[in-house]
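Structure first, then comments.
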Amino acid sequence: MSKKVDSKTLIDTIIDSILDLKAEDVVLLDLREIENAFCEYFIICSGNSNTHVSSIAGAVEKRVRKETKEKPWHVEGTENAQWILMDYTNIIVHVFQKEYREYYDIESLWGDAKEIAITI
């Protein structure tokens with residue numbers, strides 16, 4: 001049985017691959033203090049088009065698998081690539097096109113979470 005990678009390593013790997021693909025407005029939401037949260041962290045970022053969003057999600061999946069041997073438990077949204085969700089159980093990655101990110105406004109929905117802006 002393989003050892004599960006720790007959250008910090010997984011977060012760092014995901015964020016590195018997101019930044020490598022020039023995603024914008026990268027935010028880490030720490031949900032650990034929120035009662036009934038279904039995971040520990042959200043990583044949210046924006047791409048400029050459905051092609052960019054698909055590329056970001058693909059790069060995350062490829063790099064995480066290569067460096068940590070982890071695979072997402074579930075991925076949705078790849079058909080239209082407006083909002084791709086990648087579920088790594090304790091960490092959920094949201095890759096949005098800008099207008100969909102503004103519309104769904106996850107940061108406000110999880111307003112009690114500790115928000116950490118990621119800069120290069």
Side-chain angles (χ1 to χ4, degrees):
M1 187 167 147
S2 64
K3 181 182 177 295
K4 193 140 173 66
V5 67
D6 66 282
S7 291
K8 183 181 181 336
T9 301
L10 192 52
I11 288 167
D12 290 345
T13 305
I14 291 167
I15 289 174
D16 286 348
S17 55
I18 286 171
L19 293 176
D20 283 353
L21 268 276
K22 308 281 190 264
E24 298 175 0
D25 303 321
V26 183
V27 173
L28 174 66
L29 294 183
D30 184 341
L31 307 171
R32 292 176 296 173
E33 301 295 316
I34 297 178
E35 193 174 339
N36 299 324
F38 47 86
C39 67
E40 294 180 1
Y41 299 94
F42 279 172
I43 298 173
I44 306 168
C45 68
S46 300
N48 296 314
S49 65
N50 57 346
T51 305
H52 193 206
V53 167
S54 289
S55 297
I56 293 165
V60 167
E61 189 167 350
K62 186 175 180 182
R63 186 162 177 177
V64 167
R65 183 173 291 153
K66 182 180 174 201
E67 294 184 11
T68 71
K69 309 292 186 255
E70 290 289 322
K71 290 188 278 197
W73 177 73
H74 183 72
V75 176
E76 34 183 278
T78 54
E79 303 78 32
N80 54 21
Q82 296 165 340
W83 171 10
I84 296 179
L85 181 146
M86 306 174 75
D87 184 348
Y88 285 94
T89 60
N90 60 336
I91 299 162
I92 297 180
V93 182
H94 300 271
V95 186
F96 283 99
Q97 286 186 40
K98 286 185 172 91
E99 60 271 23
Y100 293 94
R101 182 172 180 176
E102 289 169 14
Y103 179 79
Y104 290 105
D105 197 12
I106 293 183
E107 289 96 328
S108 291
L109 290 174
W110 293 89
D112 293 344
K114 181 179 173 193
E115 187 172 319
I116 303 154
I118 308 298
T119 53
I120 300 171

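For the single chain, residues carry numbers from 1 onward in sequence order.
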CD (E35) and CG (D112) are apart, to the nearest 0.5 Å, by 11.0 Å
Heavy-atom nearest pair, A57 first then M86, reads O-CE, 3.4 Å
Least distance between heavy atoms, N50 atom then A81 atom
O-CB, 3.4 Å
Describe, in one word, how the ring planes of F38 and W110 are oriented to each other, choosing from parallel (under 30°), tilted (30 to 60°) and perpendicular (over 60°).
perpendicular
Residue pair C39 / N90: nearest heavy atoms and the distance that separates them:
CB-O, 3.7 Å
Validation row: E24, N48 side chains within 4.5 angstrom (heavy atoms)
yes
Nearest heavy-atom neighbours spanning Y104 and L109:
O-CD1, 3.7 Å
Is the number of heavy atoms from other residues, nucleotides or ligands within 6.0 Å of CD (E99) greater than 12?
yes
Within a 6.0 Å radius of atom NZ on K71, are there more than 12 heavy atoms belonging to other residues, nucleotides or ligands?
no
Cluster question for you: counting only ILVMFWY and a side-chain heavy-atom cut-off of under 4.5 Å, with indirect links fine, are I15 and V75 together?
yes
Closest heavy-atom pair and its distance - K22, H52
O-CE1, 3.5 Å
Side chain to side chain contact (heavy atoms under 4.5 Å, CB included) between L85 and H94, intermediate numbers included
CA-CA 5 Å; L85 181 146; H94 300 271; 3.6 Å; yes
Less than 4.5 Å apart, any side-chain heavy atom of D25 and any of R101?
yes
Evaluate the side chain to side chain contact (heavy atoms under 4.5 Å, CB included) criterion for residues V53 and Y100: first the C-alpha distance (whole Å), next the side-chain angles of each, then the deciding distance (0.1 Å), finally the verdict.
CA-CA 11 Å; V53 167; Y100 293 94; over 6 Å; no
First locate atom CD1 of I91, then atom CD1 of I11, and finally report the distance between them rounded to the nearest 0.5 Å.
4.0 Å
For E61 and Y88, which heavy atoms make the closest approach, and how far apart are they?
CA-OH, 3.6 Å
Indicate yes or no: at least one non-hydrogen side-chain atom of D30 is less than 4.5 angstrom from one of Y41.
yes
Find out if a path of hydrophobic residues (ILVMFWY) with successive side-chain heavy-atom gaps under 4.5 Å connects V93 to I84.
yes
Euclidean distance, S49 OG relative to Q82 CD, rounded to 0.5 Å:
11.5 Å
Report the distance from atom CD1 of I56 to atom CG of L19, rounding to the nearest 0.5 Å.
10.0 Å
Any donor and acceptor pair, going by atom type alone, linking the side chain of S17 with main-chain N or O of I14 inside 3.5 Å?
yes
Check for me, please, whether I92 and W73 land in the same ILVMFWY cluster - side-chain distances under 4.5 Å, paths through other members count.
no
Derivation and outcome, side chain to side chain contact (heavy atoms under 4.5 Å, CB included), residues R63 and T13:
CA-CA 7 Å; R63 186 162 177 177; T13 305; 4.0 Å; yes
Report the distance from atom NZ of K114 to atom CG of L31, rounding to the nearest 0.5 Å.
12.0 Å
Just verifying a value: how many Å separate E40 CD and E33 CD, rounded to the nearest 0.5 Å?
11.0 Å
Grouping I, L, V, M, F, W and Y whenever their side-chain heavy atoms are under 4.5 Å apart, do I18 and W83 come out in a common cluster?
no
Are I118 and V95 connected, step by step, through hydrophobic side chains (Ile, Leu, Val, Met, Phe, Trp, Tyr) whose heavy atoms are closer than 4.5 Å?
yes
